[in-house]
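This chain uses plain numbering: 1 for the first residue, then up along the sequence. Quick caveat: nothing in here was measured; it's all calculated off a predicted structure.
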Amino acid sequence: MKNPDNINTPPDGLLVSVVTPVYNAAPFLRAAFDCLRRQTLQAWEWVVVDDGSTDGSSELLSQFSQSDPRIRLFCQPGYGNAKYARDHAIAESRAPFVVCLDADDKIDDNYLETLLRRQQQTDASIVYPQLLFTDSPSGNITTTLPEAGFDISKVYEGRQLIAFTVPDWRIGCNGGLYRREVFSRLSYPKRTEPVWMNSDEIDERYYLLAAQRVAFARTNYYYTIHGQSVTKKFSPKLFETLQTDLQLLDLTEQAFGRDSEEFRGAHRIAFNDWRLKQKQLLQHNEQLESAEPLVWQFLQQLFVRLDPRQLTLKERALYLNLFDFRALMFLRGMLVSPAYIVGKMVQRLFPRLYYQHFLRPSQARHQVAILSEAYKQAPSVDDYRPCVVCLFEGFHSGGGLVDRLRGIVSVWQVCKQCGVEFKVHFVHPFRLDDYLVPNAYDWRIGEQEIIHALANTEIIVADTLTDEPWERQWLFKQLSSKIPKRAHLQRHLYTNAAFCYDADFRGLFEELFQLETRLAAAVDAVQRQIGGDYITVSGRFGNLLDDFNEQNYGLPLPPAERQQLIAECEQQTLALHQQHPECKVVVCSDSVTFASSMSRYDFVFVVPGNVTHIDNDRQQSRDYYQKTFVDFFIIARARESYLLRSRGMLFSGFPYAAALLGSRQLKVIDF
């Protein structure tokens, strides 16, 4: 089909780049592709970035691209945020105009033509469609933007339209057509702020501030609301909106001033979100796990910024003019969840009692309930293998590599003492036997032997929460009493228990595991590259340096403080080298930034490969995770192993377990 008349076409014939981030969107991709093929304007390319999908999305898109060369597919590791994939797609786009289309949304058949025609009539930097919110699967339209009474025939200065986005969106910004240079000039990742949930809403306001001319067109973008939307499910990630609230306050204060309607509107957004997140914290605290301290930090940060003078009298009355955050949370807790407040009081006064009688039973019940939902669809069977199985299938957060391995070894310790058959089913996000294979005891179990029927299984969740010695022994007693019981069932263990550290960890580990041939060759190759004796230096930064996909442990440091922390860690590493001048220093860290900084020294060796966190990454490739295993066994074979720890840095179980495997104690350097 040729391009419609009256639309100026560049020499290469390409007018619009449609960009789409994809993660596990296979059920929707055919409909999105069909929407594009039906367009009255055909001078488009579809730039799709797959963010580590595991449902066959990439394979399906590859099939589409074979039938239509206008489809350009790019794949990247799973970053868990659509913005990274969308920005990647924009960077790969080639047309003078860009349209963002989410994988589960739809557009009218004349959509691209209408937007382009309106752009050429108005010379606008941005042209917005009419946005229709549709429920899935009914297809009923619930809201239409721009709202009634808004004049879409006018051309606006972008700055004027900010007021129509606070406190509520009265114009729709999804699916707009942009001059490509708008994105390249104002790409939000170039700013210093981390990328949070809903960061695209902050981006949009920056685009509006910079746009001299913004127009609207009479064509429809159908935004689909369904149960798979991230905003429909509770998770710690929802609390990231508190950070985008702060960013919106910054934006409106800097651009319009504290006395502006825009700032007051942003304030109302922040205040109402703050109230909502308090309620969610109190109602869903069992699901927050290690993220709870960061959630409190987010709430506290926003509380400090809230100014009652910017709110209505009714809003001020809701919280007594916001006189004290802790007092307000106490009052709120007594209204929403008295059990939470009682639990927190017990936690402060009697921490072990709180752990054993409040937190542990509550979290275990919650996790068992979630897992039971995944088991409900499986039919009961008559013939199955009663045994104890450690499972890692993706139904339950298994933690990092060492969390999983220590859980396996701990359960083996109990099963061995009780004379109970023990198996491991580790298939997510990779197969464990791609790296470690049975040694003295065969722990493998066939895929077909795993039974998920609730009638034939018992689900046991026994996660470590504190790493205190008393907790390890408490868990040991709990599992020692549970595992021998109900021997007629297949007992499924979901655990990262660490009591194996108090026993013969190395002996138990080596009874279960030996290195798979390819991993053994890789470890030996690295040792040859090191070329002699070596020590290892580890650093557990989490996301302090803003280069690791683990946001549950605090916010990134400001850039100047990051550089200071790297310099201090570097000094400690140099001092260790002076203590062991005959040894190379192998740096093993979750921070690529720190490892790269150290690699400039000729006495430093960094194992090549991907820095990963297997509980957050979604890759299915064996090679992707190999460095993690190689690092582990390199630490185990070192002469000495050290862990650097300073402000904000965490104790790491990774080098601790590796050193135990090498019959040594990890030496922690606090500075």
Q: Does any non-hydrogen side-chain atom of D55 lie less than 4.5 Å from one of P27?
A: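 Contact flag for P27/D55 side chains = yes.
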Q: If you measure from CZ on F150 to CG on L145, what distance do you get to the nearest 0.5 Å?
A: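 Between F150 CZ and L145 CG, I get 10.5 Å after rounding to 0.5 Å.
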Q: To the nearest 0.5 Å, how far apart are OG1 in T143 and CG in L131?
A: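 T143 atom OG1 to L131 atom CG measures 9.0 Å (nearest 0.5 Å).
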Q: Applying the side-chain contact (heavy atoms from CB on, under 4.5 Å) criterion to L545, which one of V592, D590, T593 satisfies it?
A: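 Result for side-chain contact (heavy atoms from CB on, under 4.5 Å) with L545: T593.
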Q: Could you pull out the closest heavy-atom pair between F239 and L281, with the gap in Å?
A: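 Scanning both residues completely, I find the closest heavy atoms to be CZ-N, 3.7 Å.
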Q: Main chain of F216, side chain of R118: is a donor-acceptor contact present, judged purely on distance under 3.5 Å?
A: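 Yes; at least one donor-acceptor contact below 3.5 Å.
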Q: May I ask you to check whether over 12 heavy atoms, not counting those of R258, lie within 6.0 Å of atom CZ?
A: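 Yes, enclosed.
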Q: Please name the pair of heavy atoms, one in Y111 and one in Q39, separated by the smallest distance, quoted to 0.1 Å.
A: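 It is N-OE1, 3.2 Å.
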Q: Looking at R180 and S93, would you say the former's side chain and the latter's main chain have a donor-acceptor pair under 3.5 Å?
A: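 Yes; judged by distance alone, with no hydrogens or angles, the pair exists.
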Q: Strictly distance-based, threshold 3.5 Å: is any side-chain N or O of T241 a donor or acceptor partner for the main-chain N or O of L238?
A: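 Here the side-chain-to-backbone pair exists.
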Q: Return the CG to CH2 distance between L306 and W274, rounded to the nearest 0.5 Å.
A: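 So the gap between those two atoms works out to 6.0 Å.
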Q: Could you name each residue pair satisfying salt bridge (Lys or Arg N to Asp or Glu O under 4.0 Å) that touches residues 143-162, not counting sequence neighbours?
A: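 Found none.
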Q: Could I get the full list of salt bridge (Lys or Arg N to Asp or Glu O under 4.0 Å) partners for R213, not counting sequence neighbours?
A: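 By the salt bridge (Lys or Arg N to Asp or Glu O under 4.0 Å) rule, R213 matches no residue at all.
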Q: Under 3.5 Å, is there a donor-acceptor pair between the side chain of R30 and the main chain of A26?
A: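 Answer holds: no.
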Q: Evaluate ring pair (Phe, Tyr, Trp, His ring centres under 6.0 Å) for H267 paired with F263, printing each intermediate quantity in order.
A: CA-CA 6 Å; H267 224 85; F263 183 68; 5.3 Å; yes
Q: When rounded to the nearest 0.5 angstrom, what distance separates CG in D200 from OH in Y207?
A: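 Rounded to the nearest 0.5 Å, the CG-OH separation comes out at 9.0 Å.
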Q: For L251 and L209, what are the C-alpha separation, side-chain angles and deciding distance, and is it a side chain to side chain contact (heavy atoms under 4.5 Å, CB included)?
A: CA-CA 10 Å; L251 183 154; L209 281 175; 3.8 Å; yes
Q: If you look at every heavy atom in A95 and E45, which pair is closest and at what distance?
A: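 Closest heavy-atom pair between A95 and E45: N-OE2, 3.9 Å.
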Q: Can you name the closest pair of heavy atoms from V99 and G175 and give their distance?
A: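 It is CG1-O, 3.8 Å.
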Q: Given side chain to side chain contact (heavy atoms under 4.5 Å, CB included), test Y624 with F430 step by step and report yes or no.
A: CA-CA 10 Å; Y624 183 77; F430 50 77; over 6 Å; no
Q: Do R305 and D245 sit within salt-bridge range, that is, some charged N less than 4.0 Å from a carboxylate O?
A: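 Between D245 and R305 there is no salt bridge, as every charged N stays at least 4.0 Å from the carboxylate O atoms.
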Q: Report the residue from N220, T40, T219 that forms a side chain to side chain donor-acceptor pair (under 3.5 Å) with N110.
A: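 For N110, the side chain to side chain donor-acceptor pair (under 3.5 Å) test succeeds with only one of N220, T40, T219, which is T219.
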Q: Determine, step by step, whether E201 and W169 satisfy the side chain to side chain contact (heavy atoms under 4.5 Å, CB included) criterion, reporting the C-alpha distance in whole Å, the side-chain angles of both residues, the deciding distance to 0.1 Å, and the verdict.
A: CA-CA 10 Å; E201 296 186 3; W169 289 91; 3.7 Å; yes
Q: Under 4.5 Å between any side-chain heavy atoms of Y222 and D108, yes or no?
A: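 They are in side-chain contact.
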Q: Among all residues two or more places apart in sequence or in another chain, which pass the ring pair (Phe, Tyr, Trp, His ring centres under 6.0 Å) test with F97?
A: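 Result, ring pair (Phe, Tyr, Trp, His ring centres under 6.0 Å) vs F97: none returned.
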Q: So which atom in C35 and which in K106 form the shortest heavy-atom distance, rounded to 0.1 Å?
A: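 That closest heavy-atom pairing would be SG-CB, 3.8 Å.
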Q: Does the T20 side chain pair with the main chain of L101, one donor and one acceptor, at a distance under 3.5 Å?
A: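 Checked: pair present.
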Q: Taking R72 for the side chain and E92 for the main chain, is one N or O donor matched with an acceptor at less than 3.5 Å?
A: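 Flag set: sc R72 to bb E92 pair under 3.5 Å.
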Q: Please round to the nearest 0.5 Å and tell me the distance separating atom CD1 of I370 and atom OH of Y375.
A: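 It comes to 13.0 Å.
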Q: Just by distance, with hydrogens left out, do Q121 and R117 show a side-chain donor and acceptor under 3.5 Å apart?
A: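 No - no donor-acceptor pair under 3.5 Å links their side chains.
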Q: Between N272 and I269, is there a side-chain heavy-atom distance shorter than 4.5 Å?
A: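 A side-chain contact is absent here, since even the closest heavy-atom pair is not under 4.5 Å.
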Q: In terms of the angle between their ring planes, are Y494 and H396 parallel, tilted or perpendicular, with boundaries placed at 30° and 60°?
A: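 The arrangement is perpendicular - the two ring planes meet at more than 60°.
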Q: Assess whether a salt bridge exists between D168 and R268, defined as any Lys/Arg side-chain N lying under 4.0 Å from an Asp/Glu carboxylate O.
A: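 No, D168 and R268 are not salt-bridged.
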Q: Can you name the nearest heavy-atom pair linking S260 to F256, along with the distance?
A: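 Closest pair (atom of S260, atom of F256, distance): OG-CB, 3.3 Å.
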Q: Quick check against the 3.5 Å criterion: does Y435 have a side-chain atom that pairs as donor or acceptor with the backbone of R622?
A: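 Here the side-chain-to-backbone pair exists.
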Q: Taking the side chain as everything from C-beta on, heavy atoms only, tell me whether E204 gets closer than 4.5 Å to T165.
A: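 E204 does not reach T165 side chain to side chain.
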Q: Regarding E262 and R205, does a basic nitrogen lie under 4.0 Å from an acidic carboxylate oxygen?
A: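 Between R205 and E262 there is no salt bridge, as every charged N stays at least 4.0 Å from the carboxylate O atoms.
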Q: With a 4.5 Å cut-off on side-chain heavy atoms, are V611 and D547 touching?
A: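 Sidechains of V611 and D547: no contact.
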Q: Determine, for R86 against D102, whether the closest basic-nitrogen to carboxylate-oxygen distance falls under 4.0 angstrom.
A: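 Yes, charged N to carboxylate O under 4.0 Å.
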Q: With no hydrogens and no angle check, just 3.5 Å: does a side-chain donor-acceptor pair link R70 and Q42?
A: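 Side chains of R70 and Q42: pair found under 3.5 Å.
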Q: If you measure from CG on D51 to OG on S58, what distance do you get to the nearest 0.5 Å?
A: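 Here the rounded value is 11.5 Å.
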Q: Would you say N610 and K627 make side-chain contact, with heavy atoms under 4.5 Å?
A: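 No, side chains not in contact.
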Q: Give the intermediate values and the outcome of side chain to side chain contact (heavy atoms under 4.5 Å, CB included) for residues S62 and L73.
A: CA-CA 7 Å; S62 294; L73 172 63; 3.5 Å; yes
Q: Do the side chains of N174 and F133 get nearer than 4.5 Å, heavy atoms only?
A: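 They are not in contact (no side-chain heavy atoms under 4.5 Å apart), so the answer is no.
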Q: With heavy-atom distances below 4.5 Å as the criterion, would you say the side chains of S57 and L29 are in contact?
A: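 Yes, their side chains come closer than 4.5 Å.
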Q: Would a distance-only check, ignoring hydrogens and angles, find a side-chain to backbone donor-acceptor pair under 3.5 Å from D105 to T224?
A: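 Yes; at least one donor-acceptor contact below 3.5 Å.
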